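So the structure is just underneath, and the comments pick up after that.
Scope of the values below: all heavy atoms of this structure, side chains included, with no hydrogens, waters or symmetry mates. For clarity, every value in this text was computed on a predicted model and none was experimentally measured.
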Amino acid sequence: MRFMLLLKASQDTESELWPSEALVREMDRYNDELVRAGVLLDAAGLHPSASGARIDFSQGKRTVTHGPFSETQQLIAGFWMIQVRSLEEALEWGRRWLHPQGGSDSQIELRQVFEPRDALLAEEAPLVQDLWLQAGRSRS
């Protein structure tokens, strides 16, 4: 199962300042753990929203809005794509993320990635449900 761990932005990540050397070392340590465990597929930090843009789609129109964006709780500062056996294992990796003493609060959102087999299961769900109902009726 693939999961994306999304590091939510904060005032610190939205600033133009680089993290401290100690924080960079801790981030490297965390990433190295993911690599050694064989679960890391990809990871990256994102530039602050000041250098980004949003494209809104509404009623057939596209509207571009350039950053910065003020609502940091809705922004992403970075991500990790991991492949693990279960939601519980993905949660464990998310819990291991560092939270620097005296640093700003942080949040990681965990989302499972759709796999091709998920679409097949969704298409088959009505068929499986019908077969299950028919089997139940035939037993009565």
Side-chain angles (χ1 to χ4, degrees):
M1 306 170 101
R2 290 183 302 159
F3 287 88
M4 185 170 268
L5 304 174
L6 302 163
L7 178 63
K8 296 299 196 100
S10 67
Q11 295 292 0
D12 289 348
T13 62
E14 280 294 292
S15 73
E16 295 292 330
L17 301 174
W18 277 98
S20 69
E21 202 173 309
L23 181 56
V24 170
R25 277 194 306 274
E26 286 299 306
M27 289 188 292
D28 285 345
R29 182 195 53 75
Y30 178 73
N31 291 338
D32 288 345
E33 284 181 37
L34 290 163
V35 169
R36 281 192 304 275
V39 300
L40 185 64
L41 300 174
D42 196 7
L46 302 175
H47 283 266
S49 68
S51 60
R54 288 184 177 157
I55 304 169
D56 291 302
F57 300 87
S58 178
Q59 300 177 357
K61 294 181 183 174
R62 293 164 179 84
T63 305
V64 175
T65 306
H66 293 276
F69 304 111
S70 59
E71 59 283 348
T72 57
Q73 70 275 13
Q74 296 178 6
L75 301 174
I76 304 298
F79 71 92
W80 299 265
M81 178 72 74
I82 62 174
Q83 186 158 9
V84 293
R85 290 180 296 277
S86 66
L87 170 61
E88 291 74 24
E89 187 178 354
L91 285 168
E92 181 55 37
W93 282 109
R95 285 186 197 102
R96 291 183 190 183
W97 171 244
L98 60 125
H99 181 78
Q101 292 284 337
S104 64
D105 290 347
S106 59
Q107 181 183 56
I108 290 179
E109 182 176 331
L110 184 121
R111 305 282 298 275
Q112 186 174 355
V113 176
F114 274 109
E115 303 290 350
R117 67 179 179 86
D118 294 332
L120 292 174
L121 292 174
E123 289 175 9
E124 293 173 358
L127 175 62
V128 170
Q129 185 177 12
D130 288 345
L131 292 172
W132 183 77
L133 289 172
Q134 289 173 8
R137 279 188 230 128
S138 67
R139 284 189 225 128
S140 39

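- S15 is linked by a side chain to side chain contact (heavy atoms under 4.5 Å, CB included) to L17, counting only residues two or more places apart in sequence or in another chain.
- No more than 12 heavy atoms of other residues, nucleotides or ligands shown are found within 6.0 angstrom of CZ on F114.
- Applying the side chain to side chain contact (heavy atoms under 4.5 Å, CB included) rule to M81 yields the partners R2, M4, L41, D42, V113; only residues at least two apart in sequence or on another chain are considered.
- Residue pairs meeting the side chain to side chain donor-acceptor pair (under 3.5 Å) criterion with at least one member in residues 56-67: none, sequence neighbours excluded.
- No side-chain heavy atom of M1 sits less than 4.5 Å from a side-chain heavy atom of Q83.
- With sequence neighbours excluded, the residues satisfying side chain to side chain contact (heavy atoms under 4.5 Å, CB included) with V24 are P19, M27, D28.
- Here the straight-line distance linking atom CD1 of I76 with atom CG of L6 works out to 4.5 Å at 0.5 Å rounding.
- Applying the salt bridge (charged side-chain N to carboxylate O under 4.0 Å, His left out) test to pairs two or more places apart or on separate chains, those with a residue in residues 73-95 are R85-E89, E92-R95, E92-R96.
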For residues 43-55, please give each side-chain donor-acceptor pair under 3.5 Å, one per line with the distance, not counting sequence neighbours.
unit_1 : atom_1 : unit_2 : atom_2 : d
S49    : OG     : E14    : OE1    : 2.4
S49    : OG     : F69    : N      : 3.0
S51    : OG     : P48    : O      : 3.0
R54    : NH1    : E71    : OE2    : 2.8
R54    : NH2    : E71    : OE2    : 3.2

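- Residues passing the side chain to side chain donor-acceptor pair (under 3.5 Å) test with D32: none are found, sequence neighbours excluded.
- In this structure, CD in Q107 is found 11.0 Å from OG in S10, a value given to the nearest 0.5 Å.
- The side chain to side chain contact (heavy atoms under 4.5 Å, CB included) check on E26 picks up R29, L98, with sequence neighbours excluded.
- Note that the CG atom of L7 and the CZ atom of F79 stand 11.5 Å from one another [nearest 0.5 Å].
- Residue pairs meeting the ring pair (Phe, Tyr, Trp, His ring centres under 6.0 Å) criterion with at least one member in residues 7-38, sequence neighbours excluded, are Y30-W80, Y30-W97.
- With values rounded to the nearest 0.5 angstrom, I108 atom CD1 is found 10.5 Å from L91 atom CG.
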